[in-house]
Amino acid sequence: QVQLVESGGGLVQAGGSLRLSCVASGRMFSQYAMGWFRQAPGKEREFVGAIQWSGSSTSYAASVKGRFTISRDNRKSTAYLQMTSLKPEDTAVYYCAADGRSYWVTEGTTVNDYRYWGQGTQVTVSS
């Protein structure tokens, strides 16, 4: 069982930056790919980015590529989402998720790829 807690959300002006953190409990964190998703009001949860268990591979949604960076520190059981050049359309609740499959070859890009979810953190970008 893995419990995930996100932090770092808040209100920022367009063009600004935020760094989200996701701290995991348990000893399995280093074995799982980690993903970040977001959900805006009235919309479905969408993929933002993901990182393979070792950190050697990452994937991003086209809408955030070049602006967002995912990283992880397996010693601290923490995943990060560095967001720069934020836009009002980035406003959403951001969720981190853990794959649940140990040492999976690739990082998943869909909601169904992830077994464990955090409670989410609100990111609001003002224009």
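Note that the structure is a prediction, hence the values are computed from the model and not measured.
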All side-chain hydrogen bond (donor to acceptor under 3.5 Å, both in side chains) counterparts of [X], not counting sequence neighbours:
X    : answer
S126 : none
T124 : Q122
Q39  : R45

Distance from [X] atom [atom1] to [Y] atom [atom2], nearest 0.5 Å?
X    : Y   : atom1 : atom2 : value
D99  : M28 : CG    : CE    : 11.0 Å
I70  : Q52 : CD1   : CD    : 12.5 Å
T121 : Y94 : OG1   : OH    : 10.5 Å
S63  : E89 : OG    : CD    : 9.0 Å
I51  : S56 : CD1   : OG    : 8.0 Å

Not counting sequence neighbours, which residues clear side-chain contact (heavy atoms from CB on, under 4.5 Å) with [X]? List them please.
X    : answer
S85  : R67
Q119 : V5, E6
S127 : P88
K76  : D73, T78, Y80

ask   = Side chain of S59, backbone of G49: donor and acceptor closer than 3.5 Å?
value =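 Answer holds: no.
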
Pairwise side-chain contact, [X] with [Y], heavy-atom cut-off 4.5 Å (strictly under):
X   : Y    : answer
Y32 : V2   : yes
F68 : T84  : no
Q82 : S71  : no
Q31 : W104 : no

request  = May I have all residue pairs that pass salt bridge (charged side-chain N to carboxylate O under 4.0 Å, His left out) and include part of residues 105-127, sequence neighbours excluded?
outcome  = R101-D113

request  = Hey, could you give me each pair passing salt bridge (charged side-chain N to carboxylate O under 4.0 Å, His left out) that has a residue in residues 24-44? Not counting sequence neighbours.
outcome  =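 Listed once each, the pairs are R38-E46, R38-D90.
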
ask   = Going through the distances and angles, do Y60 and V48 end up as a side chain to side chain contact (heavy atoms under 4.5 Å, CB included)?
value = CA-CA 6 Å; Y60 296 94; V48 173; 5.9 Å; no

ask   = Remaining members of Y103's ILVMFWY cluster at a side-chain heavy-atom cut-off under 4.5 Å?
value = W53

inquiry  = Under 4.5 Å side-chain heavy-atom separation, chaining through any Ile, Leu, Val, Met, Phe, Trp or Tyr, what else clusters with V111? Say none if it is isolated.
reply    =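 Members alongside V111: F37, F47, V93, Y95, Y114, W117.
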
Kindly list each side-chain donor-acceptor pair under 3.5 angstrom involving residues 11-20, sequence neighbours excluded, with atom names and distances?
none

query = So which heavy atom on R72 is nearest to which on A33, and how close?
reply = NH1-CA, 3.9 Å

inquiry  = Using every non-hydrogen atom in the two residues, find where A24 and F29 come nearest and quote the distance to one decimal.
reply    =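 Answer, listing the atom of A24 first, then F29: CB-CD1, 3.4 Å.
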
query = Given the rule in the side chain to side chain contact (heavy atoms under 4.5 Å, CB included) test, do V123 and M83 qualify, once you have shown the distances and angles that lead to the verdict?
reply = CA-CA 10 Å; V123 172; M83 305 184 292; 3.9 Å; yes

